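Each remark here refers to the structure printed beneath this line.
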Amino acid sequence: MSETPAGLDFIRQRISEDVAAGSRVITRFPPEPNGRLHIGHAKSICLNFGVAAEFGGLCYLRFDDTNPEKENEAFVQAIQEDVRWLGFDWGDHLTHASDYFEQLFQLANQLISANKAFVCGLSAEEMRETRGTLTEPGVNSPSRDLSVAENLALFREMREGKHGDGSYVLRAKIDMSSPNINMRDPVLYRIRHVHHQRTGNDWCIYPTYDYTHCVCDALEEITHSLCTLEFEDHRPLYDWVLDNINLNVHPPQIEFSRLGLEYTVMSKRLLNKLVSEQHVAGWDDPRMPTISGLRRKGVRAPAIRDFCERIGITKQNNTIEMSLFDFCVRKDLEADTHRAMCVLEPLKVVITNWTEDTQGALSAEPLTAPWHPKKDLGRRVLPFSKEIFIERSDFEEVRPRKYKRLSPGEMVRLRMAFIIRCDEVIKDDAGNIQELHCTYFPESRSGSDKSGLKPKGVVHWVSAMEGQYCDVRLYENLFLEKQPDVSELAGALNPASFKQLNAIIEPAALLGDIHHFQFERQGYFVKDETDSSALKTVFNRTVTLRDIRPG
RNA sequence: UGGGGUGUCGCCAAGUGGUAAGGCACCGGGUUUUGAUCUCGGCAUUCGCAGGUUCGAGUCCUGCCACCCCAGCCA
């Protein structure tokens with residue numbers, strides 16, 4: 001696929017060494033169902049599922065559902081849909097951290113029995129106060145020296161619901177003076193009397209990420225636990241837990257850098273905020289970097305996969321330029337997307353020498369055009385009439401240097417049709433251009449041009465008579481800055497990120513079951529399935545065409 | 001400040017002691033009835049900085065500097 005089979009990234013190098021030494025490859029993608037997946041998750045999905053496929057292994061889709069307060073079933077379903085849409089298959093390896101709640105509980109008891117964990121009665125505030133700081137060690141909890149029997153009893157009571165939320169936690173007994181704050185007797189279990197989307201009211205204590213993740217990895221015999229850089233500091237804890245329970249499986253945790261993309265944000269907290277504060281229309285708003293948003297904007301899965309391949313896997317902090325993403329999107333669409341003509345901001349053109357006779361002659365042999373310039377996708381008919389619309393921006397009264405469009409006295413080709421010359425500019429009293437009067441050259445018919453004329457350029461057009469109205473939504477970056485300052489979210493947003501136009505499109509485009517289009521000279525667009533109706537079709541702009549103009 | 005990481009072209013990224021891949025972007029030429037696509041060419045005497053080891057250093061050593069992450073009963 002990639003034209004640049006660069007050296008393997010450091011993770012694949014490591015894995016291929018392990019495979020050479022006889023290891024299997026079992027990975028996992030472990031989303032928390034508290035939001036929808038975004039392009040950053042796609043990087044991880046492509047890595048985990050990709051690596052599994054490349055080395056003949058398998059990849060679990062495991063929901064990390066240890067915090068029922070924030071998670072829900074709708075996200076569980078949406079995440080599965082997104083992963084599947086991206087083109088990955090977890091087979092029957094769909095699991096949840098909650099599948100292992102019982103084992104996690106038993107193992108926690110083992111930890112207590114081994115005097116490696118204790119029940120702590122400190123409040124959250126007290127715990128913060130005794131944790132110490134980056135430079136000062138913490139102090140031991142007064143509960144730290146409870147007997148094994150007392151801890152076992154207390155933990156049982158926690159599980160039985162005899163204590164209120166926040167009254168007790170189970171903590172690992174490690175080292176309050178560790179320079180790594182994660183090792184200062186971290187919390188393993190907390191009390192939460194809340195309903196869990198899968199286990200219902202079976203539990204009122206829930207394990208924390210640090211305790212859960214490594215154990216689930218071990219239980220699933222994950223061979224390579226790949227995660228992002230911010231978990232690097234948690235690795236000693238990951239290892240501590242597995243070293244202190246007797247599962248005899250110890251996956252290595254390997255960290256890589258998360259994706260940064262210009263003009264957007266990737267944190268679920270912020271994306272959630274954008275949705276809940278209604279700065280966008282929803283998780284699938286086409287301006288969102290979510291998988292569903294990109295899909296609704298018209299981006300296809302191969303483009304996302306290609307993008308993830310091109311950005312690579314390293315430990316360097318990175319911010320990818322949007323131009324690379326756009327490149328991948330266009331590259332994917334270019335090869336097989338139907339072309340159509342759609343006038344976004346219409347300017348009427350009257351063909352003064354067009355008569356009923358010429359109209360009659362044309363109907364005997366209508367204009368047609370291929371759906372695609374290279375790939376054979378068939379042809380469509382292009383109705384033509386005395387009045388047509390061209391793009392307002394395709395006409396200038398005063399011609400700029402190297403201008404390849406229409407201006408007074410000049411000629412331009414109507415794409416796939418005739419050459420016209422602008423004879424007269426009709427204006428209203430205020431001086432606004434109302435319409436253009438042009439003559440067409442019968443000999444210049446596309447495909448059989450005998451006119452010998454050399455027009456300045458080519459413009460798209462739609463017949464006024466047959467053209468259909470449609471809504472076209474133009475999307476731009478959600479944020480103003482490449483690296484938005486999110487401390488003031490509202491102010492960082494691009495007010496021009498969304499614009500809807502009432503456009504006119506050639507009739508053939510609305511007839512079939514074609515979803516993705518390239519509107520010639522403008523960009524790629526996709527039918528919006530949720531907002532289109534029988535009365536009006538809505539198109540979302542996926543990405544503009546590359547546009548190199550002088551100046 | 002303690003700990004953990006990272007520094008190779010504008011943005012990514014190969015490079016694993018033998019004389020700086022590739023992609024995107026950018027600049028120039030060609031083709032073109034999309035200023036698209038396609039195509040050809042250009043684009044790091046230098047690898048955060050300073051020393052050192054070596055016949056030879058982006059790769060090894062030492063010392064600096066910069067940036068990122070960590071003080072949730074979030075993940």
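Since we're looking at a predicted model, the values are computed, not measured. Residue numbers start from 1 in every chain, and the chains themselves are labelled A, B, ... in the order their sequence lines are given, proteins ahead of strands.
Residues from residues 258-267 of chain A with heavy atoms under 4.0 angstrom of RNA chain B: there are none.
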Query - Letter per nucleotide, 5' to 3', of nucleotides 26-34 of chain B [B base touched, S only sugar-phosphate touched, - untouched; heavy atoms, 4.0 Å] - result: -------BB
Report summary line: B/S/- along nucleotides 68-75 of chain B (protein heavy atoms under 4.0 Å) is SBBBSBSB
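Separation of the P atoms belonging to C38(B) and A25(B) is 10 Å when rounded to the nearest angstrom. Annotation: C61(B) and U53(B) have their C1' atoms spaced 7 Å apart (nearest Å). Here the separation of C67(B) from U1(B), taken at their P atoms, is 11 Å to the nearest Å. Using atom P as the reference point in both U39(B) and C11(B), the two lie 27 Å apart (nearest Å). Between the C1' atoms of C47(B) and A21(B), the separation comes to 14 Å (whole Å). Straight-line distance between the P atoms of G3(B) and U19(B): roughly 39 Å, to the nearest whole Å. Taking atom P in both C9(B) and C49(B), one finds a spacing of 10 Å when rounded to whole Å. A14(B) and G58(B): their C1' atoms are spaced 12 Å apart (whole Å).
Across all strands shown, C49(B) pairs with G63(B); the Watson-Crick or G-U wobble distances both stay below 3.5 Å. Look at C38(B): its Watson-Crick or wobble partner, with both distances under 3.5 angstrom, is G30(B). Across all strands shown, nothing is found opposite A44(B) as a Watson-Crick or G-U wobble partner with both distances under 3.5 Å.
Between F256(A) atom CZ and U6(B) atom C1' there is a gap of 16 Å when expressed in whole angstrom units. Going from atom CZ of R12(A) over to atom C1' of U16(B) covers 19 Å, rounded to whole Å. The distance between atom CD1 of I313(A) and atom P of A13(B), rounded to the nearest whole Å, is 9 Å. Atom CD1 of I311(A) and atom C1' of C12(B) are 9 Å apart (whole Å). A straight line from CD of E136(A) to C1' of G3(B) spans 15 Å, rounded to a whole angstrom. The CZ-C1' distance, from R401(A) to G35(B), rounds to 14 Å in whole Å. We find that CD1 of I320(A) is positioned 15 Å from P of G10(B), with the value rounded to whole Å. Rounded to whole Å, atom P of G5(B) lies 8 Å from atom CD of E255(A).
One finds a salt bridge joining R144(A) and D185(A) here, because a Lys/Arg side-chain nitrogen approaches an Asp/Glu carboxylate oxygen to under 4.0 Å. The pair R405(A)-E410(A) fails the salt-bridge criterion, with no side-chain N (NZ, NE, NH1 or NH2) lying under 4.0 Å from an Asp/Glu carboxylate O. The pair R380(A)-E506(A) meets the salt-bridge criterion, with a side-chain N (NZ, NE, NH1 or NH2) lying under 4.0 Å from an Asp/Glu carboxylate O.
Residues that satisfy the side chain to side chain contact (heavy atoms under 4.5 Å, CB included) test with N318(A), not counting sequence neighbours, are K43(A), S257(A), L259(A), I320(A). In terms of the ring-ring contact (aromatic ring centres under 6.0 Å, His included) criterion, residue partners of F325(A) (sequence neighbours excluded) are, by chain and number, F307(A). Residues passing the ring-ring contact (aromatic ring centres under 6.0 Å, His included) test with F118(A), sequence neighbours excluded: none. By the side chain to side chain contact (heavy atoms under 4.5 Å, CB included) test, E443(A) pairs with K450(A), S451(A), sequence neighbours left out. Every side chain to side chain contact (heavy atoms under 4.5 Å, CB included) that R128(A) has, sequence neighbours left out, goes to E125(A), R131(A). In this structure, E262(A) has no side-chain hydrogen bond (donor to acceptor under 3.5 Å, both in side chains) partners at least two apart in sequence or on a different chain. Residues meeting the side chain to side chain contact (heavy atoms under 4.5 Å, CB included) test with L480(A), sequence neighbours left out: N494(A), P495(A).
For G72(B), the base adopts the syn conformation, since its glycosidic angle falls within 90 degrees of zero.
Using a 4.0 Å heavy-atom criterion, one finds that K402(A) contacts the bases of the nucleic acid, with or without backbone contacts as well. Residue Y211(A) is out of contact with every strand shown, counting any heavy-atom pair closer than 4.0 Å. S257(A) comes within contact range of no nucleotide atom at all, as no heavy-atom separation falls under 4.0 Å.
For the residue pair E230(A) and T228(A), a side-chain donor N or O sits within less than 3.5 Å of a side-chain acceptor on the partner.
Put simply, Q316(A) has no side-chain N or O that comes within less than 4.0 Å of OP1 or OP2 on U6(B). The side chain of S323(A) places no N or O atom within less than 4.0 Å of a non-bridging phosphate oxygen (OP1 or OP2) of C24(B).
Ring to ring, Y168(A) and F155(A) are not that close: their centroids are 6.0 angstrom or more apart. Aromatic ring centres of Y238(A) and H234(A) lie farther apart than the 6.0 Å criterion allows.
One donor-acceptor pair, N or O on each side, does fall under 3.5 Å between the base of U16(B) and the side chain of Q13(A). For G10(B), the base has a donor-acceptor partner in the side chain of E321(A) [N/O atoms by modelled type, under 3.5 angstrom]. At a cut-off of 3.5 angstrom, the base of G35(B) holds at least one donor-acceptor pair with the side chain of R405(A).
Annotation for F479(A) and P484(A): closest pair CD2-CB, 3.6 Å, computed over non-hydrogen atoms.
The stretch residues 167-179 of chain A participates, sequence neighbours left out, in no salt bridge (charged side-chain N to carboxylate O under 4.0 Å, His left out) pair at all.
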For nucleotides 40-42 of chain B, print each protein N/O atom paired with a nucleotide N/O atom at under 3.5 Å, atom names and distance only.
none

**Report entry** Check against side chain to side chain contact (heavy atoms under 4.5 Å, CB included), M176(A) and V139(A)
**Finding:** CA-CA 6 Å; M176(A) 286 307 288; V139(A) 301; over 6 Å; no
